[in-house]
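Each remark here refers to the structure printed beneath this line.
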2 protein chains.
Amino acid sequence: MTTTDQERQPVPPEARRIRVVLGMVGDKWSLLVVCHLRRGPMRFTELKRAVEDISQRMLTVTLRGLERDGIVTRTVHDAMPPHVTYELTPMGVTLCEATTPLLGWTVDHLARIDEARAVYDAR
Amino acid sequence: MTTTDQERQPVPPEARRIRVVLGMVGDKWSLLVVCHLRRGPMRFTELKRAVEDISQRMLTVTLRGLERDGIVTRTVHDAMPPHVTYELTPMGVTLCEATTPLLGWTVDHLARIDEARAVYDAR
DNA sequence: CGGTATCCTGAACGATACTG
DNA sequence: CAGTATCGTTCAGGATACCG
């Protein structure tokens with residue numbers, strides 16, 4: 001091998017991007033919550049019911065993270081009874097659109113993935 | 001509210017897809033390894049050097065997972081010295097393409113994300 | 001209604017040593 | 001070279017209880 005010298009720092013910016021994406025939506029609930037908010041603003045309890053099996057704590061933690069990243073907005077309505085709504089920001093909408101191909105890929109390959117796993121596990 | 005009855009099971013298939021995607025590439029290393037393999041087959045040690053800070057153990061674990069899912073192939077070459085190469089399967093290549101928009105989104109919004117976090121943390 | 005606070009468990013991950 | 005085995009730690013996430 002003679003190319004040993006000039007191949008340092010191959011893809012550091014790509015690595016940075018991947019870390020950022022995973023840090024934002026790589027957890028168990030964020031993408032799920034974002035997907036539900038595509039249809040429009042939702043209240044806390046409404047989300048709690050919609051996102052199956054999420055605990056109250058994890059919904060709060062997830063929403064705080066998404067709010068911090070500028071993906072959702074939190075709006076407190078002073079009414080009787082008082083309530084809070086969450087809504088995708090414009091950036092949140094574009095994030096949603098950016099994930100569409102990946103979700104589509106899963107639809108197209110779910111069967112093949114299950115098959116590959118079965119083959120691998122059988123051996 | 002009068003729509004309480006007919007809104008059960010809103011998006012279960014979408015949830016399933018998201019779980020599958022995160023289960024495959026939602027961990028710390030899989031996407032990173034896949035991205036490095038875009039350029040062509042690589043040997044174990046070559047990957048170990050390329051993927052910054054990955055431990056030998058995690059590289060093995062990650063590659064096994066990707067192999068199980070049909071994303072990479074593992075080929076043992078009987079030579080002296082013996083070596084092993086990893087390569088993206090056709091399905092692995094399409095997965096890579098499906099993630100491109102999401103990575104591109106990060107490039108476009110990295111600055112805005114950092115800004116949003118700074119604003120949120122300052123308050 | 002929409003949270004916080006606290007405690008706890010399991011899985012993911014890292015470090016290190018050894019091997020065909 | 002390309003692993004496996006073992007151990008220790010960290011941390012995301014779940015259960016539960018309480019609150020403005």
Side-chain angles (χ1 to χ4, degrees), chain A residues 1 3-4 7 15 18-34 36-37 41-69 72-87 120 123, chain B residues 1 4 15 18-34 36-37 41-69 72-87 120 123:
Chain A
M1 286 303 147
T3 57
T4 320
E7 55 180 307
I18 291 174
R19 290 266 153 74
V20 173
V21 171
L22 291 178
M24 294 181 72
V25 298
D27 67 313
K28 192 171 175 182
W29 301 110
S30 294
L31 254 187
L32 236 36
V33 169
V34 167
H36 277 282
L37 288 175
M42 290 179 78
R43 295 177 56 173
F44 185 87
T45 307
E46 207 177 347
L47 271 169
K48 175 85 175 61
R49 276 194 312 257
V51 182
E52 214 150 332
D53 292 333
I54 194 172
S55 67
Q56 194 162 22
R57 180 185 122 82
M58 285 318 295
L59 182 54
T60 302
V61 169
T62 302
L63 286 169
R64 288 294 173 276
L66 292 171
E67 190 190 357
R68 182 172 112 97
D69 290 342
V72 306
T73 55
R74 177 176 183 272
T75 310
V76 180
H77 301 270
D78 284 345
M80 263 324 257
H83 62 281
V84 179
T85 56
Y86 293 89
E87 184 172 11
Y120 185 93
R123 170 253 43 160
Chain B
M1 285 302 151
T4 319
I18 291 174
R19 291 265 153 74
V20 173
V21 170
L22 292 177
M24 294 181 72
V25 298
D27 68 314
K28 192 172 176 182
W29 301 110
S30 294
L31 254 187
L32 235 36
V33 169
V34 167
H36 278 281
L37 288 175
M42 290 179 78
R43 295 177 57 174
F44 185 88
T45 308
E46 207 176 347
L47 272 168
K48 174 84 173 63
R49 276 192 313 257
V51 182
E52 214 150 333
D53 292 333
I54 195 172
S55 67
Q56 196 162 21
R57 181 185 121 82
M58 285 317 296
L59 182 54
T60 302
V61 170
T62 301
L63 286 169
R64 290 293 175 277
L66 293 172
E67 190 191 357
R68 181 172 112 97
D69 289 343
V72 306
T73 55
R74 178 177 183 270
T75 309
V76 180
H77 302 269
D78 282 344
M80 264 325 257
H83 61 281
V84 179
T85 55
Y86 293 90
E87 184 173 9
Y120 185 93
R123 169 251 44 156

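Note on naming: letters A, B, ... go to the chains in the order of the sequence lines (proteins, then strands), and numbering restarts at 1 for each one. These figures come from a predicted structure and were not determined experimentally. All values below were derived from every heavy atom in this structure, side-chain atoms included, with hydrogens, water molecules and symmetry-related copies excluded.
The backbone N or O of B:Gly26 sits nowhere less than 3.5 Å from a side-chain atom of B:Ser30 that would complete a donor-acceptor pair.
Put simply, the side chain of B:Gln56 reaches to within 4.5 Å of the side chain of B:Phe44, judged on heavy atoms. Two residues are said to be in side-chain contact when any heavy atoms from C-beta on lie closer than 4.5 Å; B:Glu67 and B:Leu63 fail this criterion.
The side-chain hydrogen bond (donor to acceptor under 3.5 Å, both in side chains) test with A:Thr85 singles out one residue from A:Arg43, A:Glu46, A:Arg74, A:His77, and that residue is A:His77.
As a whole-Å value, the separation of B:Leu59 CG from C:dA12 C1' is 16 Å. Put simply, CG on A:Asp53 is 9 Å from P on D:dG14, counting in whole angstrom units. Per the geometry, NE2 belonging to A:His77 stands 13 Å off C1' belonging to C:dG2, to the nearest Å. A:Lys48 has its NZ atom 13 Å from the C1' atom of C:dC1, to the nearest Å. Atom P of nucleotide C:dC1 and atom CG of A:Leu47 are separated by 14 Å, given to the nearest angstrom. The nearest whole Å value for the distance from the CD1 atom in A:Ile54 to the C1' atom in C:dG2 is 14 Å. In this structure, A:Asp27 places its CG atom 10 Å from P of D:dG14, rounding to the nearest Å.
Taking the C1' atoms of five terminal pairs at each end of the helix from C:dC1-D:dG20 to C:dG20-D:dC1, the two resulting helix axes are inclined by 50°, rounded to 10°.
A:Leu47 and A:Met42 make their closest contact through CD2-SD, 3.8 Å (heavy atoms, listed as atom of the first residue, atom of the second, distance). Between A:Val25 and A:Leu31, the shortest heavy-atom distance links the atoms CB-CG, 3.8 Å.
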Contact list (N/O, under 3.5 angstrom) for nucleotides 1-4 of chain D vs protein:
unit_1 : atom_1 : unit_2  : atom_2 : d
D:dC1  : O3'    : B:Arg43 : NH2    : 3.1
D:dA2  : OP1    : B:Arg43 : NE     : 3.1
D:dA2  : OP1    : B:Arg43 : NH2    : 3.4
D:dA2  : OP1    : B:Val84 : N      : 3.2
D:dA2  : OP1    : B:Val84 : O      : 3.4
D:dA2  : OP2    : B:Thr45 : N      : 2.9
D:dA2  : OP2    : B:Thr45 : OG1    : 2.4
D:dA2  : N7     : B:Gln56 : NE2    : 3.4
D:dG3  : OP1    : B:Arg64 : NH2    : 3.1
D:dG3  : OP1    : B:Arg74 : NE     : 3.1
D:dG3  : OP1    : B:Arg74 : NH2    : 2.5
D:dG3  : OP2    : B:Tyr86 : OH     : 2.5
D:dG3  : N7     : B:Gln56 : OE1    : 3.3
D:dG3  : N7     : B:Gln56 : NE2    : 2.5
D:dG3  : O6     : B:Gln56 : OE1    : 3.4

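Using a 4.0 Å heavy-atom distance criterion, A:Lys28 is classed as a sugar-phosphate-only contact.
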